[in-house]
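Just so it is clear, the model here is predicted, and its values are computed rather than measured.
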Amino acid sequence: MAGLGGFVKGGGFGYLGPMRLLEVALPLPLEALTYLPPLGREEEEALGRRVAVPWRGEVRVGVVVGEGEGRPALHLRHALAYLDERPLLREEEIAFLKAAAHHLFAPLGQVLADFLPPMPELVHRVRLFPRADPGLLPPGLSALRDWQEAKGFDPKLLDLLREAGVLEEEVSFRPQKRVLRLLKEPEEGLEEAPRRVLEALKALGEAESQAALARAAGVGVGVVKRLLEKGYIGLLPPEPPRGRGPALEPLFLPERPERVNGGRLRERMRVLKGLLEEGDHLVLFPEVGLLERFLEGFPEARPYHGGLPSWAREALFQRPGGTVFATYGGLLLPYTPQGIVVVEEGSESYKLPSGTRAFIPPLAELRARLLGIPLTYLSLVPAVEVLERKPLRLPVPKPRLLTLSLKEERGWPFTGRALALLKQVEERGRQAVVLASRRGFSALLLCPDCGYKPTCPDCALPLRFHQSPPTLLCHQCGHKEAPPPLCPRCGSPLLEPRGPGVDWLVRELKERLTLPVYRFAKDGKDDLTPLLRGEPGVVVGTTALLRGPVLPGLALVLLPYADGFLMDSDFRAAERYHRLLWALTELRPGHRPLLVLQTFHPDHPVHRALEEGEVEAFLWEEKALREALDYPPKVRMVKLEVAHRKEERALALALELLEALRKAAGEEEVLGPAPAPVPKLKGHYLYHLLLKGSTERLHELLAHLDRRKFKLDPDPFRFVGLLED
DNA sequence: CAAGCGACAACC
DNA sequence: GTTGTCGCTTGA
C-alpha cells in the first residue's frame, strides 16, 4: 500500500476558512462524533438526517444531532453520504434524545440505539476517482475503475483508499417498496376515467403499480400517470395495518385527568377513546400483546412496535401522525401529538432489559414536557410514582376473594378446600387457572416456624427442592445436597417444600382431577384451543398467563402458594404483588372469577386491599413507607454493578468505587457494596452499589467515577444482576 | 522467547 | 459495543 500516500490528499486539510462540522450519533454506547459533511454537500442542512460515515474501517449509519463551524483540532473524516432527503428527526426529537441521555446517565448513542427503528439495508457502491492513477494501485484492483458493490471488497482496503482520498462512494438505503395511494379525494368536474381510477384506488386502499391500478379501473395507464402527476395519487411506502373492530363508544370527561384508574378494562378503553376525540395521541403500551388487545375497538389507531416488519416502522417514521399505539420506540416518532397516554405505567415490561436499561414512563413524561403536551396514565392500579397526579377514579367491581391460611388448612400443594373448589369447576364443566411463581418442578424448602430456607453455599441463592429422589439443588451452579430432616436454625421438624413449580402442580392435578390439565409458561405453552372453544379444563402456568388468551369459561383462579410472588428481594415486591392480584381479577373481563389464595399471610395488607375493593389505599401506605426510608419516588436510585471472574476482585472493584464515592458522597447517599441477589452470573461475580439522590446530584457523584469500571442501571427494578450485554 | 490473556484506551 | 495495544504470565 506504500504507493497510495502520493495520491490526492483527503480529509479536511487545505481549507482556509472554518468548516461545517457534523455531530453524528452512532447507535453505539458512545457520545456523538464529529465528521465533515459528505464531499460537495457542505452547504446542506444536516440536522436530523441519517448519514453513512466511516467508522473503524467500516461504514455505519448515524444521525446528525448537531452542526457547528470550526477548525477541528484532530484529523476529521468526511461523512460518506446523507441517507435522507429530509431530516428523519426534528429538533424536538434530538432535544429529547439528549435529555433522555442525561436522565439515563447514558451516552447519546446508546439512547439512539434503544429508540431508533431498524434501518433499511444499505446499497454501497465504490470506484476510484477517474483522476486517480490506477497504475499505482496494487494488482487486482483494476476493476475499481468502474462502479462496484462495496460488499465484494475488504473493508480495510476500502478504508485505506478512502483515507488516501481516491475512493468515490455512493451510499443509500435500499429503495423501499412503494405503492400507489390516494392523496386527494376525487373532485367535482373530473372526467369519467380518472374518477373511476380514484374510486378503484379508494376501494383497494393501495395498488402495486400503475399498470395494476389501470387494469383494476378498466382504463389505460396514461390516465393513472396523469393523476400521479397532478398529485391525486402518490407513490408512498405501504401503510401498516390499522386497528380493527367496531369503534368503542367514547366516554367523555369534563376535565383531562393525569391518571385514570380503577373501573373495568372496557371502561378504561372508553375513557381512552374519549381522550382521543380531543385529537391525535401517542398511546404507549408495555407490551405488544396488550397493545393488540386495545387495537380492537380503535380502527383509527396506527400500531408501532418491534413486531412489525421494518418497512412498516420506517413508514411510520417517514409519515408520522395520527393516533399511534406504540411500544417504547414510539417515543421518538417525529411528530407532536395532542397528548401522550401511558397504559399500565406500573408494568415491569416498561423496563428495557439491556442497552440503557431505561424505564419508559419517566421518559414519556420527559417527552411530553419537552413537547409541551399533556400526559395521562391509564391503568387499573396506579404506580406508586404517579399517585400525586390529578386522578380520575372509576369505581372498581369488588373482587371475589378467598384466602386460605396455610397455617390452618390441611393439604399440600393443594389444600382440601382448594381441591373441593377445583372439583366444583370439574362438575360444572368450567375452567380454572392455577398460578405458580416458578416454572419447572422445583420449589423451596422452607421452615414454617422461623422462615429459614436452605441456600447455596456458593451462590447464596435459595436451593430448589426436587422431589424424586429428595434433593436440594442450586439452579445456578449445580450444587447438590440432601434435605436436612430438621430446620438447622430452629430445630423445627416442619421443614417442608414450598413454592411448587408449574410442573409439580400439573402432576398433582392430573392425579386428582379428571379435567384436562394444560400447561402455560414461557418455556412451553400447550395448545389452549379447546378451552377457547369453551371446553372445560385447568391451565397451570406462570404470569405468562396474564399475556395469554382470555378463557371464556374461567370461573376460578387459584394461587397455591401466593407468598411465592412476594419473595423478591426489592422494595417494590409488595407493590408488584398488589398489581398482580388486581390484574388477576381482570383475567376474564366482564366477569368475576373466584380468586383463591393459599398463603401464610392471610392478613397481608395487599389481601385486605382486595377484600375492600380498594385499588390505591395500599399504594399510599407503600409511598409513605418509602418516603420514610428515603426510597424512590422520593429520591432517584441508581445501581452501579461491577463484575469479575474472581470474587475477591469483584468485591475489590466495588470497594474502589465506594472509596472514590466517599470523597464526594454522604453516608446516606450510598448503599453497599453487596453481592447482587444472583451473586454469580455467567461465570462472573457481581457486586452492586446503590446511589440515591436527584438526577443532578447523581451526575455530580458519577463525575467522580470511571464509567468504564461499572455498569449503571438508571432505574433498577429487581436488584438482580444483569450482565447480558 | 513466543503465544495467551486481562486491563485499558480509543473510536471522529 | 468493538478493536487494538501494552504488559505480564504461562509453556516448549
Run the side-chain donor-acceptor check on residues 88-105 of chain A: report pairs under 3.5 Å with partners two or more places apart or on a different chain.
residue: A:R90; atom: NE; partner: A:E93; partner atom: OE1; Å: 3.0
residue: A:R90; atom: NE; partner: A:E93; partner atom: OE2; Å: 3.2
residue: A:R90; atom: NH1; partner: A:T336; partner atom: OG1; Å: 3.0
residue: A:R90; atom: NH2; partner: A:E93; partner atom: OE2; Å: 2.8
residue: A:R90; atom: NH2; partner: A:Y335; partner atom: O; Å: 3.3
residue: A:R90; atom: NH2; partner: A:T336; partner atom: OG1; Å: 3.2
residue: A:E93; atom: OE1; partner: A:R90; partner atom: N; Å: 2.7
residue: A:E93; atom: OE2; partner: A:R367; partner atom: NH1; Å: 3.3
residue: A:E93; atom: OE2; partner: A:R367; partner atom: NH2; Å: 2.8
residue: A:K98; atom: NZ; partner: A:V65; partner atom: O; Å: 3.1
residue: A:H102; atom: ND1; partner: A:H699; partner atom: NE2; Å: 3.2
residue: A:H102; atom: NE2; partner: A:E696; partner atom: OE2; Å: 3.0
residue: A:H103; atom: ND1; partner: A:R636; partner atom: NH1; Å: 3.4

>> If I take atom CG in residue A:D114 and atom P in nucleotide C:dG1, what distance separates them, rounded to the nearest angstrom?
In response: 12 Å
> Which residues satisfy the side chain to side chain donor-acceptor pair (under 3.5 Å) test with A:R20, sequence neighbours excluded?
Replying inline: A:E67
> Rounded to whole angstrom units, what separation is found between the CZ atom of A:R60 and the C1' atom of B:dC12?
Replying inline: 14 Å
> Taking only N and O in the side chain of A:H644, is any of them less than 4.0 Å away from OP1 or OP2 of B:dA7?
Replying inline: yes
>> Can you list everything that forms a side chain to side chain donor-acceptor pair (under 3.5 Å) with A:Y377? Sequence neighbours excluded, please.
In response: A:E365
> Rounded to the nearest Å, what distance is computed from the CZ atom of residue A:F710 to the P atom of nucleotide B:dA7?
Replying inline: 17 Å
> Who passes side chain to side chain donor-acceptor pair (under 3.5 Å) against A:E575, sequence neighbours left out?
Replying inline: A:R579, A:R626
>> Restricting to side-chain contact (heavy atoms from CB on, under 4.5 Å), what partner residues turn up for A:P107, sequence neighbours left out?
In response: A:P29, A:E31, A:Q110
> Got a salt bridge between A:E668 and A:K692, using NZ or NE/NH1/NH2 to carboxylate O under 4.0 Å?
Replying inline: no
> Between atom CG in A:L26 and atom P in C:dT2, what is the gap in whole Å?
Replying inline: 14 Å
Please tabulate the protein-to-nucleotide N/O contacts below 3.5 Å involving nucleotides 8-11 of chain B, giving atom names and distances.
residue: B:dA9; atom: OP2; partner: A:R708; partner atom: NH1; Å: 2.9
residue: B:dA9; atom: OP2; partner: A:R708; partner atom: NH2; Å: 2.4
residue: B:dA10; atom: N3; partner: A:R56; partner atom: NH1; Å: 3.2
residue: B:dC11; atom: O2; partner: A:R56; partner atom: NH1; Å: 3.0

